[in-house]
Amino acid sequence: MATEELEAIIQRCQILEEEDFKGEDFNLFQVACQKCLEEGYAVKVLEVFKNEKNKVIVKNMGWNLVCPLVRCILSYNLEDEKREHCLSILDKLVQLCNPKELLLGLLEQIEQASGEQISQTILLLLQPLQTVLLKFHSKKSYSVGLSLSTILNQLSLLPVPYTKEQIQEDKLGLCKCCSAVVGFAKPFVDQVVQSVEASTESDVRELKEELLKFCLKSLKYPLLIAQLDQLHEDVEEDPLRHFATEILDILINIGELMPIMFSHRGSRNQNWNNPHFLDMDRKHSADSLACLSYLVFVQYFGIDCFPMVFSPSYLLQCNMTHIEVLLKRTEESVLTKGLDLLGNCLLRNGDNSLHHQYLEFKGFITTPQDLVKVMTLCPIEHLRKKSLKILQLYIDKFDAEGKYTLFRCLLTTSNHSGVEGYVIQNIKNQIDLSLKKANGCKWFTGPHLVSLLDLVLLLPEGSETDLLQNSDRIMASLNLLRYLVIKDNEYDNQIGIWTELNKIEQNFLKPLHTGLNMSKTHYEAEIKSKKENRRVAHNSQTVCSVTVGGEKMPNMTTEMQLQVLHSALFTFDLIESVLARVEELIEVKIKNVTDKNIGGHVKHLMS
């Protein structure tokens with residue numbers, strides 16, 4: 001029996017001195033104990049561990065039992081008495097065995113866990129692991145860092161719960177582990193704080209570095225992915241929000257919140273000597289620091305420790321790097337953080353308060369382009385709408401020259417008719433505001449505006465332009481032109497439209513006429529063809545495909561195709577109607593000038 005084998009090994013080893021233990025003794029002891037555990041005789045192994053006579057044996061051989069012991073503990077129900085016996089054995093191992101050997105054994109079990117057993121193993125071994133680490137006197141920082149890194153690497157394999165229900169269920173135990181790992185790190189944080197207060201050096205700097213790595217990795221995962229603003233009425237009960245506050249508290253307590261928040265501005269790396277840390281910092285900290293800024297400036301974690309001496313524009317500048325990182329990701333929760341961080345930073349600034357030279361700083365000119373990508377490519381509707389709202393907020397904060405620069409940039413880079421139409425509407429609004437001012441604005445009247453209109457009042461590919469695909473832009477351009485013709489007095493030409501009329505006709509109006517005629521002829525022919533095919537087939541339910549606006553539509557019945565084609569013709573009719581109105585206004589204004597000039601000439605002759 002297993003118990004008899006174990007008893008025989010114990011009796012043999014009790015008479016040996018510590019230095020006389022051989023490899024064979026280790027193997028026999030491990031096999032006998034493992035058999036007892038697997039056959040349900042954990043109480044026998046516990047008796048061996050409790051016996052003072054076996055203290056030397058357990059000290060030298062016991063750490064080999066970590067693997068079978070953990071496996072048995074996880075196999076028993078929580079109420080099972082055998083589980084309690086195994087837990088008691090684990091406590092004895094922690095008390096008696098060599099800390100270095102035991103540390104490796106515990107970390108190996110955490111590292112080898114998979115699936116649902118990841119959280120179970122971590123929750124089981126955190127307390128023993130903490131006790132072992134506290135026994136270390138020298139080189140503790142490396143062991144603490146190794147332990148935290150191993151734990152977080154395993155946690156990164158677990159999906160972050162997203163909805164309120166998923167968080168409450170915490171099926172794979174990520175939330176529980178996050179709460180537990182903070183408690184695991186607490187005594188080491190306390191050691192750093194106490195050492196700093198006592199002004200001692202020793203192992204403190206290295207331990208602080210390891211804790212800082214832990215915080216940065218936690219910010220990257222799970223906090224960057226977590227939907228931290230989703231819960232409302234139960235927001236304080238969200239374990240991931242609580243974990244975020246604990247991480248911020250650690251950074252504050254070890255005195256690293258402010259240094260790392262401004263590390264990308266050159267204030268951090270000069271003070272760190274550890275090359276491994278610097279490599280990790282450069283490789284991984286971008287996401288972590290972006291998440292940290294979100295927590296501070298959107299969720300207001302740790303904001304009480306943040307000095308209120310920086311101007312809103314400077315904080316926007318500091319955060320632009322982080323915003324850029326967040327907006328380039330595709331996960332809903334990360335994009336939300338980027339949009340919220342940008343929105344909060346912008347709201348601190350007054351309208352028209354940002355000088356145009358800010359657009360020369362990193363991120364300021366690319367961020368609106370990132371917003372456009374979210375608006376046009378993101379599959380999540382509420383994020384598209386939110387991005388549009390923040391783009392308008394972004395435009396509003398710049399001075400006139402800044403707005404002018406942004407408009408030029410967006411018109412040349414967006415490659416999206418809807419976005420271009422939106423920008424053109426903004427240009428119209430700025431011209432209107434300029435005309436209401438006593439001295440106007442040089443950026444939205446005269447030569448500067450004429451230069452901007454060169455980007456607006458043209459068809460990208462002349463008469464060959466796909467009018468349906470570019471309908472939003474074309475309608476916005478026509479409405480702007482109609483507004484300019486009405487508002488710009490034909491006698492003083494304040495806006496500058498009348499001196500550019502010939503160019504506008506050549507680049508925009510005439511090609512648009514030609515394009516409309518070609519497009520309407522093509523679509524009318526398509527409609528006629530579909531109707532004839534329908535009559536021949538005597539079946540309007542025949543499924544086929546059609547290409548509209550340069551894109552192949554999903555398979556549709558003939559009736560559905562006809563609806564799409566008629567809708568396209570309606571769009572062309574609408575464009576043609578506005579175009580006719582614009583040309584009518586131009587003709588009337590030119591006639592007024594001509595009549596006045598003729599009248600003036602006759603009056604001069606009569607006098």
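The first residue in the sequence is number 1, and the count goes up from there.
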Checking salt bridge (Lys or Arg N to Asp or Glu O under 4.0 Å) for the pair E47/K50: CA distance, chi angles, key distance, verdict? CA-CA 5 Å; E47 289 176 4; K50 285 183 176 180; over 6 Å; no

Taking all atoms of both residues into account, what is the closest heavy-atom pair of S333 and Q227, and its distance? CB-OE1, 2.9 Å

Measure from the side-chain N and O atoms of T121 to the backbone N and O of Q117, and report whether any donor-acceptor pair falls under 3.5 Å. yes

With side chains defined as the heavy atoms from C-beta onward, is the minimum distance between F301 and I252 less than 4.5 Å? no

Within the distance-only criterion (no hydrogens, no angle test), does the side chain of S119 pair as donor or acceptor with the backbone N or O of C177 below 3.5 angstrom? no

Derivation and outcome, side chain to side chain contact (heavy atoms under 4.5 Å, CB included), residues C67 and R71: CA-CA 6 Å; C67 176; R71 189 164 58 243; 3.4 Å; yes

Heavy-atom count check: over 12 atoms from other residues, nucleotides or ligands less than 6.0 Å from E111 CD? no

L216 side chain reached by L289 side chain, heavy atoms, under 4.5 Å: yes

Under 4.5 Å between any side-chain heavy atoms of F214 and V181, yes or no? yes

Rounded at 0.5 Å granularity, tell me how far OG in S288 sits from NZ in K217. 10.0 Å

Go through the side-chain N and O atoms of S293 and N319 and say whether any donor and acceptor fall under 3.5 Å apart. yes

May I ask you to decide if L104's main-chain N or O and E108's side chain share a donor-acceptor pair within less than 3.5 Å? no

To the nearest 0.5 angstrom, please state how far the CG atom of N253 sits from the CG atom of L248. 10.5 Å

Q392 and D396 side chains, donor-acceptor separation under 3.5 Å: yes

Within the structure provided, determine whether L102 and N98 are in side-chain contact (heavy-atom separation under 4.5 Å). no

Dump the intermediate steps for side chain to side chain contact (heavy atoms under 4.5 Å, CB included) on Y41 and L46, then the final yes or no. CA-CA 9 Å; Y41 299 110; L46 181 58; over 6 Å; no

Please check: side-chain N/O of N349 versus main-chain N/O of S313, any donor-acceptor pairing under 3.5 Å? yes

Side chain to side chain contact (heavy atoms under 4.5 Å, CB included), that's the test. Do L223 and F243 meet it? Break it down for me. CA-CA 8 Å; L223 293 177; F243 181 58; 3.7 Å; yes

Determine whether the aromatic ring centres of Y358 and F398 lie less than 6.0 Å apart. no

Enclosure of F361 CZ (heavy-atom neighbours >12, cutoff 6.0 Å): yes

How close do S156 and N153 get, counting heavy atoms only, and between which atoms? OG-O, 2.6 Å

Closest heavy-atom pair and its distance - L257, G302: CD2-O, 4.1 Å

Is there side-chain contact between F184 and S147, with heavy atoms separated by less than 4.5 Å? yes

Return yes if a side-chain donor-acceptor contact under 3.5 Å exists between T367 and E324, otherwise no. no

Show the nearest heavy-atom pair for residues M261 and L292, with the distance to one decimal. CG-CD2, 3.7 Å

Would you confirm whether Q154, through its side chain, and T150, through its main-chain N or O, come within 3.5 Å as a donor-acceptor pair? no

Rounded to the nearest 0.5 Å, what's the gap from CD1 on I167 to CG on L174? Could you check? 10.0 Å

Does a sphere of radius 6.0 Å around NZ in K328 hold more than 12 heavy atoms from other residues, nucleotides or ligands, not counting ones at 6.0 Å or beyond? yes

Any chance you could lay out the side chain to side chain contact (heavy atoms under 4.5 Å, CB included) test for L339 and L371, step after step, and finish with the verdict? CA-CA 8 Å; L339 293 173; L371 289 173; 3.5 Å; yes

Give a yes-or-no answer on whether the side chains of Y142 and E206 include a donor-acceptor pair shorter than 3.5 Å. no

Taking the side chain as everything from C-beta on, heavy atoms only, tell me whether Y221 gets closer than 4.5 Å to D287. no

Would you indicate whether the side-chain heavy atoms of I151 and L126 approach each other to under 4.5 Å? yes

R205/E209 salt bridge by N-O under 4.0 Å criterion: yes

CG of L315 to CE of M308, rounded to nearest 0.5 Å, is 7.5 Å

Any non-hydrogen side-chain atom of L219 less than 4.5 Å from a side-chain atom of L224? no

Between Q120 and E116, does any side-chain donor sit less than 3.5 Å from a side-chain acceptor? no

I'd like to know if the side chain of E210 and the backbone of L207 have a donor-acceptor N/O pair within less than 3.5 Å. no

Going by salt bridge (charged side-chain N to carboxylate O under 4.0 Å, His left out), name the residues that satisfy it together with E381, two or more places apart in sequence or in a different chain. K385

CD of E39 to CD of Q34, rounded to nearest 0.5 Å, is 10.5 Å

Do E331 and R329 sit within salt-bridge range, that is, some charged N less than 4.0 Å from a carboxylate O? yes

Check: V372 main-chain N/O paired with T376 side-chain donor or acceptor under 3.5 Å: yes

Tell me yes or no: between the side chains of Q299 and R241, is some donor less than 3.5 Å from an acceptor? yes

Could you list the donor-acceptor pairs under 3.5 angstrom formed by side chains in residues 76-95, with sequence neighbours left out?
from	atom 1	to	atom 2	distance (Å)
D80	OD1	K82	N	2.8
R83	NH1	I73	O	2.8
S88	OG	E84	O	3.0

Answer yes if the side chains of Q317 and K362 hold a donor-acceptor pair under 3.5 Å, and no otherwise. no

F188 to L211 - nearest heavy-atom pair and separation: O-CD1, 3.9 Å

What is the minimum heavy-atom distance between V132 and P99, and which atoms define it? CG1-O, 3.4 Å

Q130 and K186: CA distance, side-chain angles, deciding distance, side chain to side chain donor-acceptor pair (under 3.5 Å) verdict: CA-CA 10 Å; Q130 183 190 72; K186 188 178 185 306; over 6 Å; no

Just verifying a value: how many Å separate H322 NE2 and L327 CG, rounded to the nearest 0.5 Å? 13.0 Å

